[in-house]
Amino acid sequence: MSTFGAANTNPNKSFEVAQPPSDSISCLSFSPKANFLVATSWDNQVRCWEITRNGTVVSSTPKASISHDQPVLCSAWKDDGTTVFSGGCDKQVKMWPLTSGGQPMTVAMHDAPVKDLAWIPEMNLLATGSWDKTLKYWDTRQPNPVHTQQLPDRCYAITVKHPLMVVGTADRNLIVFNLQNPQTEYKRIVSPLKYQTRCVAAFPDQQGFLVGSIEGRVGVHHLDDAQQNKNFTFKCHRENNEIYSVNSLNFHPIHHTFATAGSDGAFNFWDKDSKQRLKAMQRCSQPIPCSAFNNDGSIFAYAVTRLSPRSIPYKR
């Protein structure tokens, strides 16, 4: 475990998980059914902890882990909370029947690293996006993709809130799909942000999405042409003249406020409708690459680069 001298990596006094990864964490995802937290990391591992909360005290129990051949970049849970999908630099996606104790199996392949993925329960399909410039839909019972969608450039991020799916690629492309017609682009948008896309998050009401960039800025974009006057961008994750990447965007599952996390080591909570920052947390001394709410929004987990994921009780 690397250390960083006297720098404070945990100024918010969050609860650190037991037996954290030995390298930087790339993705965090909570089970939609229980407080099981999965972290993928650059040490080629996918790890799961059970998170328990007693009042304001949060604790963790390591439950299981699996390995990839190369660093793991993304993960997603099946909607029934039984299975985890993970993808990364070994160009494959593994399906891990975690709760039954089963062995992982490869269910998807690409010609380059898999950067993001999403399980779509309404279609019973897995969507995978890669640096090979394709988006693929998979029936995990079949060896070949149901459909391969060519993308204009490398996939950087995927967000799904059925029937809305948004894929962010290199060169600031944002490709919108209506999953009722998943083989056709619904709309292609140039990002309202001037720099590279880092993350996207669909509105809970499916009427639009958030996009975050490497230039410390978030765009709020509505899909309906009649709602374009509600679109705006705002600056965040900046300190004087220093500008940091927005690495993660997460909507709260109940209140529909959202969190941003960035390379400045900060995470903040926002309300897009009132255009207000609700709460700013103290900056950690290292970047935060990813974050996630649990299924009822009572716990917010975040990772600090080269250190362990942490979780805190969320208060609106």
Contact summary for [X] and [Y], nearest pair of heavy atoms:
X	Y	answer
Ser41	Arg47	OG-NH1, 3.4 Å
Thr260	Leu249	CG2-CD2, 3.5 Å
Phe177	Pro182	CD2-O, 3.7 Å

Any donor-acceptor N or O pair under 3.5 Å, side chains Ser26, Thr40: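 Yes, because at least one side-chain N or O of Ser26 sits under 3.5 Å from a partner of the opposite role on Thr40.
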Pair Ser29-Ser75, side-chain donor/acceptor within less than 3.5 Å: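 Side chains of Ser29 and Ser75: pair found under 3.5 Å.
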Cluster link Ile51 to Leu28, ILVMFWY, side chain under 4.5 Å: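 Same hydrophobic cluster.
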Over 12 foreign heavy atoms within 6.0 Å of NZ, Lys91: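 No, not enclosed.
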Contact check, side chains of Ile189 and Val176, non-hydrogen atoms, under 4.5 Å: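 The answer is yes, as the side chains (C-beta and beyond) meet within the 4.5 Å cut-off.
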Side-chain (Asp271) to main-chain (Asp273) donor-acceptor, under 3.5 angstrom: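 Yes; at least one donor-acceptor contact below 3.5 Å.
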Asn247 side chain vs Ile288 backbone, donor-acceptor pair below 3.5 Å: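 Looks like yes, one N/O pair under 3.5 Å.
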Is it true that the NZ or CZ of [X] lies under 6.0 Å from the centre of [Y]'s six-membered ring and within 45 degrees of the ring axis?
X	Y	result
Arg154	Trp131	no
Arg283	Tyr244	yes
Lys275	Phe234	no
Lys161	Phe209	no

Residues Glu215 and Arg238 bridged, charged N to O under 4.0 Å: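 The answer is yes: the pair qualifies as a salt bridge.
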Ionic contact status for Asp69 with Lys94, cut-off 4.0 Å: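 Salt bridge: no.
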His221, His256, His222 screened by ring pair (Phe, Tyr, Trp, His ring centres under 6.0 Å) with Phe203, the one that passes: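 Exactly one candidate clears the test, His222.
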Centroid-centroid under 6.0 Å between Phe251 and Phe293 rings: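 They do not qualify: ring centres at least 6.0 Å apart.
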Centroid-centroid under 6.0 Å between Trp119 and Phe85 rings: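 Yes - the distance between ring centres of Trp119 and Phe85 falls below the 6.0 Å cut-off.
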